[in-house]
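Along the sequence shown, residues are numbered consecutively beginning with 1.
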Amino acid sequence: MDAPRQRCDPPASAGPHEPFDASSDAAAVVDTAGVVLGWSVAAEALLGRPAAEVVGRPAARLLDAPVEPLRAAGVAERCRSGVGWSGVAALRHRDGRRLDVDLRVSASFGMGGGECFLLSARERRERWTMDRSVLDGFLVRSPVGMAVVDRDLRFVWLNDTLERLGGVPREQRLGRRLSEVLPGLEAEPLEGMMRKVLETGAPVTDYEYGGWSWADPYRRHAWSTSFFPLVDADGTVTGVCYMVLDVTERWNARQLLSLVNEAGTRVGTTLDVMRTAQELADFAVPRFADFVVVDLLEHVLSTEGHGTWLTDAGPAPARAVMRRAGLRSVREGCPEAVARLGDTVDFLPPPHDARLLIDGEPVLLPVLDPADELWVTQQPERARQLRAFGLHSLICVPMRARNTVLGLTTFMRSVNPMSFQPDDVLPARELVARAALCVDNARRYTREHSAAVTLQRSLLPQALKGGTALDVASSYLPADPRGGVGGDWFDVIPLSGARVGLVVGDVVGHGITAAATMGRLRTAVQTLADMELPPDELLAHLDDLVLRLSEEMTDDEAARQSSAAFLGATCLYAVYDPVSRSCTMARAGHPPPVVVAPDGQVSFPEPPAGPPLGLGGMAFEAATIELAENSLLGLYTDGLVEGGDRDMEHGMARLAEALSRPEPDLRKLCTSAVRRLLPDPQPDDVALLLARTHALGADHVASWDVPADPAAVADLRARATRQVADWGLGELVMTTELIVSELVTNAIRYAEPPVRLRLLRDSRLTCEVSDASSTAPRLRHARSTDEGGRGLFLVAQLAHRWGARYTATGKVIWAEQEIP
């Protein structure tokens with residue numbers, strides 16, 4: 001057409017029935033009669049309708065509502081004049097859903113002798129706009145984290161404060177739900193409140209909850225959150241604004257106030273339940289009473305017990321089973337006591353039953369009458385003791401802490417003629433409350449220490465396998481419970497080419513953090529070892545990881561530079577190759593290994609001593625030693641050789657003496673060595689890893705030089721298959737032939753000479769091709785029209801596993817097969 005208007009002729013290759021992708025938006029070409037002539041891939045994705053269902057049919061079938069002819073004519077005229085038209089339209093998805101889209105008719109052009117129009121559409125979403133100055137105020141100066149979510153609860157806006165509080169970048173939040181952004185946070189209640197605000201329009205304010213922040217993963221935080229509806233001009237709730245305030249300090253202040261209330265110079269000096277109960281009795285006599293007994297429920301004294309009696313518990317038993325945990329009297333030997341420490345008791349002052357413990361209210365008996373019928377019938381032995389020793393007044397206070405029933409404390413007077421009065425109940429309650437918190441702390445500590453030890457044990461390897469290259473055994477001795485769990489760890493990692501990696505490490509500090517860090521470092525070493533990194537490079541990457549972990553522990557620069565915030569570790573990593581009998585190792589601030597030769601000679605080879613992990617700025621170096629077959633290699637942590645005298649040289653000499661003794665059973669040798677060096681509990685945990693070396697004989701290795709000629713592939717393939725058959729592995733001949741053919745062909749075509757093929761028969765059959773190139777092949781999925789690119793994919797499918805490792809002269813591509 002010759003009319004003066006904007007033209008947008010499609011390419012000549014684009015037929016009327018072919019998908020025409022005009023832009024990233026959905027696009028279509030429509031003629032003046034409203035018939036669809038072109039349909040883009042994006043349009044197919046938007047409405048779920050392929051081009052075959054749309055092209056050649058009226059566009060009106062896609063509309064949710066008809067378009068008036070006059071309006072359509074006006075839109076066409078605007079396009080002819082070059083202005084174009086944009087607006088909102090309702091389209092119908094293939095599955096019946098209605099889609100509101102932003103529609104634009106942007107151009108008219110000639111095609112096939114007629115006039116056509118180019119349409120583009122984009123699904124309409126809620127648009128959130130605010131005054132820029134207001135946004136800047138929120139982003140820069142607001143101390144409150146703020147965000148806006150749409151009706152689907154997806155983030156559409158947030159300020160810098162919320163990004164900092166949550167530790168998740170804005171780019172990872174926008175367009176996603178809270179449960180998708182912070183999977184570790186209990187997001188379901190929060191999203192439930194947002195839905196309630198959307199449904200009712202009523203705000204929710206000051207909802208407090210605790211959790212872990214990605215910005216500070218080593219500290220539990222608490223937040224106060226409020227939700228407000230966002231309403232447009234016609235009163236429709238279009239989204240939710242939610243505000244978050246970090247109230248961790250307020251939360252911790254309440255906890256600190258409780259700790260201050262627990263403080264005492266005589267009660268709660270240890271984290272021992274029985275000791276704390278006895279300290280309460282010792283402190284109260286004779287200051288407050290002449291005779292005090294502290295009885296605790298059996299589950300409180302059990303390190304594995306988790307039973308609790310809460311205030312809303314059901315009917316209580318008539319008698320509570322308790323044990324005597326504390327006992328003190330003004331009389332020597334406590335003659336008035338019916339039960340001794342550790343005995344089972346069920347004392348409750350008549351007429352009370354176990355409900356006394358649950359209700360939690362003290363019982364005051366200003367005057368004890370041993371002739372009382374209840375005492376005579378229910379507590380005859382105690383009634384006799386009351387008369388014999390003149391016990392005339394009593395206060396019983398249930399021991400409760402954190403809504404948990406712990407036991408019962410009984411105060412009595414005999415020598416002191418003054419009876420207990422109502423004013424004495426308050427100090428008795430306060431004294432017991434302080435002790436109860438200490439008892440509960442001790443109970444929780446014992447249980448948490450058991451949990452920490454269990455965590456630590458679970459993070460250590462449960463079974464060690466050195467393959468045919470090594471016989472391995474380990475011994476781990478936990479620290480004294482008073483010192484807390486430590487971060488010593490060890491591992492044995494199978495590598496390619498029948499090699500084995502050995503690692504021992506020690507994390508600075510004690511407690512859950514040290515145990516968790518130990519687990520993270522062990523996982524990191526396994527990952528880095530699987531990447532076939534040499535020992536020195538592996539330690540360099542591990543050093544970077546420890547630096548990042550140390551930086552995460554605090555946001556305060558001064559605290560970060562203090563020793564309290566330092567997170568460090570030592571490590572020794574070694575790789576043993578049974579073919580060459582070489583052991584390459586590197587260490588980061590760790591003691592050197594010990595080697596016992598087959599003739600009993602002991603040595604401590606010292607690879608270059610790198611700095612401990614977490615210091616940064618210094619390189620690590622590796623050293624290689626040759627080990628005779630049946631040599632003993634020992635890796636250990638410093639706690640084994642430092643011992644009580646802290647003399648490391650003396651400890652190493654004792655270790656050499658312990659390991660030089662002939663003992664065929666490696667496990668017994670490992671255990672006896674640790675017990676010999678450390679007969680008593682130590683403040684630091686200890687790990688010892690022993691490995692007895694074996695060599696892979698020449699009858700298990702076959703290798704050939706590979707000429708730089710593709711014609712040589714057939715000969716090498718035949719040699720490899722004959723060798724596999726000679727090893728009695730006929731079932732692997734065909735797969736080995738394919739693997740050898742692919743790896744050797746790739747090396748000849750793309751790598752640098754010299755190229756060498758090697759087969760290893762170990763616990764698995766390994767095919768290795770080495771060359772002088774530093775570029776590794778990349779696995780890709782070939783298209784149906786490609787002539788090549790499938791060889792490495794076939795290798796990956798046929799082999800148990802495959803990979804590449806770099807050497808000083810190039811690289812090695814390897815593939816392992818399971819031996820049936």
Side-chain angles (χ1 to χ4, degrees), residues 493-501 503 524-545 573-580 582-586 588 607-608 610 618-624 701-710 712-713 716-717 720 738-760 766-782 786 788-796 798-816:
I493 307 171
L495 302 174
S496 63
R499 299 171 306 134
V500 179
V503 61
V525 169
Q526 288 181 333
T527 303
L528 295 172
D530 194 55
M531 296 171 62
E532 303 285 356
L533 295 179
D536 52 340
E537 293 184 22
L538 184 144
L539 292 183
H541 285 282
L542 203 61
D543 184 48
D544 293 338
L545 172 63
Y573 179 66
V575 176
Y576 174 70
D577 187 345
V579 178
S580 61
S582 63
C583 182
T584 303
M585 63 187 74
M618 297 180 66
F620 299 95
E621 298 182 30
T624 301
V701 181
S703 61
W704 303 274
D705 291 326
V706 178
D709 182 5
V713 176
L716 291 167
R717 190 166 53 222
L738 291 172
I739 291 173
V740 169
S741 178
E742 175 60 27
L743 297 185
V744 171
T745 301
N746 281 348
I748 294 175
R749 287 183 178 179
Y750 307 113
E752 298 292 334
V755 180
R756 190 167 182 82
L757 169 65
R758 186 171 75 163
L759 294 180
L760 301 175
T766 304
C767 174
E768 296 182 345
V769 176
S770 60
D771 58 69
S773 173
S774 61
T775 58
R778 179 173 58 88
L779 180 65
R780 69 184 184 91
H781 295 274
D786 291 345
R790 298 176 180 82
L792 202 56
F793 179 77
L794 291 176
V795 170
L798 295 173
H800 172 69
R801 61 176 188 151
W802 74 280
R805 69 175 182 269
Y806 294 95
T807 65
T809 59
K811 69 173 183 299
V812 176
I813 309 299
W814 55 270
E816 292 181 352

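Across every non-hydrogen atom of I748 and A708, the tightest pair is CG2-C, 4.2 Å. In terms of heavy atoms, A622 sits closest to A586 at CA-CB, 4.1 Å. For the pair V795 and A815, the tightest heavy-atom approach, listed with the atom from each and the gap, is CG1-CB, 4.1 Å. Heavy atoms only, all atoms of each residue included: A529 and Y573 are closest at CB-OH, 3.5 Å. Between F620 and L539, the shortest heavy-atom contact is CE1-O, 3.7 Å. The shortest heavy-atom contact between A720 and W704 is CA-CH2, 4.0 Å.
In this structure, the side chains of V744 and V755 stay at 4.5 Å or more apart for every pair of heavy atoms. Inter-residue side-chain proximity for V740 and L757 is flagged as met; some heavy-atom pair is nearer than 4.5 Å. A heavy-atom distance below 4.5 Å is found between the side chains of W814 and R801. Contact check for T807 versus S770: no side-chain heavy atoms found under the 4.5 Å cut-off. Looking only at side-chain heavy atoms (C-beta outward), S496 and E816 come within less than 4.5 Å of each other.
Among residues two or more places apart in sequence or in another chain, the side chain to side chain donor-acceptor pair (under 3.5 Å) test is passed with D771 by K811. Annotation: side chain to side chain donor-acceptor pair (under 3.5 Å) contacts of T766 (sequence neighbours excluded): none. Under the side chain to side chain donor-acceptor pair (under 3.5 Å) criterion, T745 pairs with no residue at all, not counting sequence neighbours. Partners of A804 under the side-chain contact (heavy atoms from CB on, under 4.5 Å) rule, at least two apart in sequence or in another chain, are A776, I813. Residues satisfying the side chain to side chain donor-acceptor pair (under 3.5 Å) test with S703, not counting sequence neighbours, are R756. For E768, the salt bridge (charged side-chain N to carboxylate O under 4.0 Å, His left out) partners are R758, R805, not counting sequence neighbours.
For the atom pair L743 CG and L716 CG, the distance stands at 12.0 Å (nearest 0.5 Å). Note that OG1 of T527 and CG of L545 are 10.0 Å apart. Values are rounded to the nearest 0.5 Å. Between atom CG of residue L538 and atom CG of residue L528 there is a gap of 4.5 Å, rounded to the nearest 0.5 Å.
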*asked:* Show, in sequence, the C-alpha distance, side-chain angles and deciding distance for V706 and V769, and conclude whether the side chain to side chain contact (heavy atoms under 4.5 Å, CB included) test is met.
replied: CA-CA 9 Å; V706 178; V769 176; 5.7 Å; no

*Please assess E537 against M531 for the test side chain to side chain contact (heavy atoms under 4.5 Å, CB included), listing each intermediate value before the final yes or no.*
CA-CA 11 Å; E537 293 184 22; M531 296 171 62; over 6 Å; no

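With hydrogens and angles left out, the side-chain atoms of D530 and Q526 include no donor and acceptor closer than 3.5 Å.
Partner of T584 under the side chain to side chain donor-acceptor pair (under 3.5 Å) criterion, out of D577, D536, T624: T624 alone.
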